[in-house]
Amino acid sequence: MAKLLQAPPKFLPPEWHIASKTQYASAESQRSRSERLVAESQRLVDEIEKTTQKTQSDVNKKIEQRLDEIKFWKQELDDKLEQIVNETEVLLTFKTRLEKALESCKEPLFITQECLLNRRVGIDLVHDEVERELIKEVEVLQGVMALLERTLEQTNEQIRLNRSAKYNLEMDLKDKFTALTIDNYCSNLTNNTPDIRYARNVVKVEGNSVSPEDWVDFSNVNIEKADKQRNNSLALRALIDRILSQTASDMRKQCETVNIAFKNRVKETKDAKNKLEIHLAKVMDEITSQEKNIAALKKAIIDKEGPAKVAHTRLETRTHRPNVELCRDMVQYRLISEVQEITTNIQRLKDTLAQAEVELKGLSRRQLSLEEEIQVKENTLYIDEVLCMQMRDQDFNMWASKIAHCLLQF
């Protein structure tokens, strides 16, 4: 208890002075360090403020540059999209032209095949120039239709490729618009914007991000693909124009060749029919003449019966001469000669009559043959001139109108 109440130790004045000086020195040192820290802190604050402002300004510039890049590529994509859309629309009109041209070939082909099937009978069913040209026309029309079908398939495929390129551009543009919207928003953010905030786990590079070069290449590839398909489409349209023009020219030329062959054949058939009619008239005149000749021969034969009977009666009567009067005199010989002569002449007349009747039958058969042949020629003329040529004229005019419409449609 006595120790607890012991008085605190007392220091000597020198110790007191030393303690005071030590406190002065410590305070001065602490204050100096604090002053240096304040100055350093102010310098650091100023430096960081400048750095932050500079960095933020640089980021703002980078964002502005990025916005300009996005706008540039977006405009490029917009231009290519408009071009490919317009080109596809035009190509669709060319597709319609091809479809109409293909459809317009069906009727001429049917008409040509009908002309081949319905042409002529009998001897007029001949493999002539008309038939050869009709067969060639069928081949031309079928070849044209096959070419148009292949071109139509090629056109459908090109339209599909155009639409694929259009889709890629639209998807790229959609992403560009989203990126532009996001970067515009970022560009408008300031330190005083109300909705700025801290975000977690954003200070990193996304694993699925791409390099600027890849970003440029992606849009470049889409643009190049669109340009390629647009150029292919332009070339295809030029090809379609040439095909439509050339096929129309080929079909028109062959149609005119067939029509000329028909006209020549009709003229040839008419000439043959006229000659047959002339020969028929001559044969009929000859039939009339032969009929008169037969009648004359029959009358001549009948007319010879009187002299023959007279000669026979004389010979028979003279056999009744008595005795020596039954003489083989000149009268007897001449009567015998007369009977033989008349008999021979009658036989000659009968032979000539038989020949005349044979000729008459031959002429009659020839008349029937000529009449049948003339009927065949009339049937041929009806088929070629009335059915085929008129049908072809009507069809050709309609076909030419359709083809002209297809060629002038665009």
Side-chain angles (χ1 to χ4, degrees), residues 89-122 124-159 236-270 376-410:
E89 290 176 355
V90 175
L91 189 58
L92 284 169
T93 64
F94 274 71
K95 175 187 174 183
T96 302
R97 290 172 61 191
L98 281 172
E99 290 172 340
K100 290 181 178 179
L102 183 60
E103 184 65 28
S104 67
C105 290
K106 294 180 180 178
E107 187 65 20
L109 179 61
F110 173 78
I111 295 299
T112 303
Q113 291 172 334
E114 283 294 304
C115 289
L116 276 172
L117 290 174
N118 296 332
R119 289 195 70 237
R120 309 171 181 175
V121 294
D124 278 16
L125 189 60
V126 62
H127 186 59
D128 56 4
E129 185 67 20
V130 174
E131 185 165 334
R132 287 192 292 272
E133 292 299 334
L134 282 172
I135 292 173
K136 184 178 178 181
E137 187 173 51
V138 169
E139 294 173 351
V140 169
L141 287 168
Q142 290 175 339
V144 166
M145 291 178 71
L147 177 59
L148 291 177
E149 286 173 352
R150 290 196 301 272
T151 307
L152 185 58
E153 291 175 0
Q154 187 177 354
T155 302
N156 286 329
E157 176 62 15
Q158 186 59 54
I159 290 172
L236 180 59
R237 286 200 289 117
L239 176 64
I240 292 172
D241 268 332
R242 291 196 300 273
I243 288 175
L244 287 176
S245 178
Q246 186 60 49
T247 52
S249 175
D250 292 344
M251 289 189 290
R252 187 181 294 108
K253 181 180 178 181
Q254 184 59 30
C255 183
E256 291 172 354
T257 301
V258 173
N259 289 342
I260 291 172
F262 261 116
K263 290 177 182 178
N264 292 338
R265 187 59 176 169
V266 166
K267 182 179 180 300
E268 187 178 4
T269 303
K270 285 181 177 179
V376 169
K377 294 295 183 287
E378 288 175 349
N379 180 71
T380 297
L381 288 173
Y382 175 74
I383 292 173
D384 285 357
E385 191 171 25
V386 178
L387 293 183
C388 291
M389 290 187 69
Q390 288 186 4
M391 185 165 52
R392 287 180 61 81
D393 286 342
Q394 294 173 358
D395 177 70
F396 176 77
N397 292 332
M398 179 180 67
W399 171 82
S401 175
K402 288 182 178 179
I403 290 296
H405 177 71
C406 288
L407 291 175
L408 298 175
Q409 186 175 5
F410 183 74

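Contact of the Y382 side chain with the L387 side chain is registered, since non-hydrogen atoms from C-beta on lie closer than 4.5 Å. Under the 4.5 Å side-chain criterion, counting only non-hydrogen atoms from C-beta, L98 is in contact with L244. Residues E99 and K95 are in side-chain contact: their nearest non-hydrogen atoms beyond the backbone lie under 4.5 Å apart. Residues M251 and V140 meet the side-chain proximity criterion, which asks for heavy atoms closer than 4.5 Å. Within the 4.5 Å cutoff, side-chain heavy atoms of V90 are placed close to those of T93.
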For this session: Take Q246 and D250 through the test side-chain hydrogen bond (donor to acceptor under 3.5 Å, both in side chains) and record every step on the way to the result.
Result: CA-CA 6 Å; Q246 186 60 49; D250 292 344; 2.8 Å; yes
Problem set entry | Worked check of side-chain contact (heavy atoms from CB on, under 4.5 Å) between N259 and M389 | CA-CA 7 Å; N259 289 342; M389 290 187 69; 5.7 Å; no
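For the atom pair T269 OG1 and D384 CG, the distance stands at 6.0 Å (nearest 0.5 Å). How far CG of L147 is from CG of L152: 11.0 Å, rounded to the nearest 0.5 Å. From M391, atom CE reaches atom CD1 of I383 across 10.5 Å, with rounding to the nearest 0.5 Å. Atom CD of E133 and atom CD of E139 lie 10.5 Å apart (nearest 0.5 Å). The line from CD of Q254 to CG of L141 is 8.5 Å long, rounded to the nearest 0.5 Å.
With E385 contributing its side chain and V266 its backbone, the two residues share no donor-acceptor pair below 3.5 Å. The closest donor-acceptor contact from the side chain of T112 to the backbone of P108 lies under 3.5 Å.
When all heavy atoms are compared, the tightest approach of I243 to L148 is CG2-CD2, 4.0 Å. Residue A261 comes nearest to E129 through the heavy atom pair CB-CG, 4.2 Å, listed as atom of the first residue, atom of the second, then distance.
Of the listed residues (R392, R132, R252, K253), just one forms a salt bridge (Lys or Arg N to Asp or Glu O under 4.0 Å) with E137, and that residue is R392. Among L117, I111, L116, the one residue that satisfies the side chain to side chain contact (heavy atoms under 4.5 Å, CB included) test with E114 is L117.
By the 4.0 Å N-to-carboxylate-O rule, E268 lies close enough to R265 to be salt-bridged with it.
By the side-chain contact (heavy atoms from CB on, under 4.5 Å) test, M145 pairs with L102, C105, K106, L109, sequence neighbours left out. Legend: residues meeting side chain to side chain donor-acceptor pair (under 3.5 Å) with N264, ordered by chain and number and at least two apart, are absent.
Judged by the 6.0 Å and 45° rule, R97 forms a cation-pi pair with F94.
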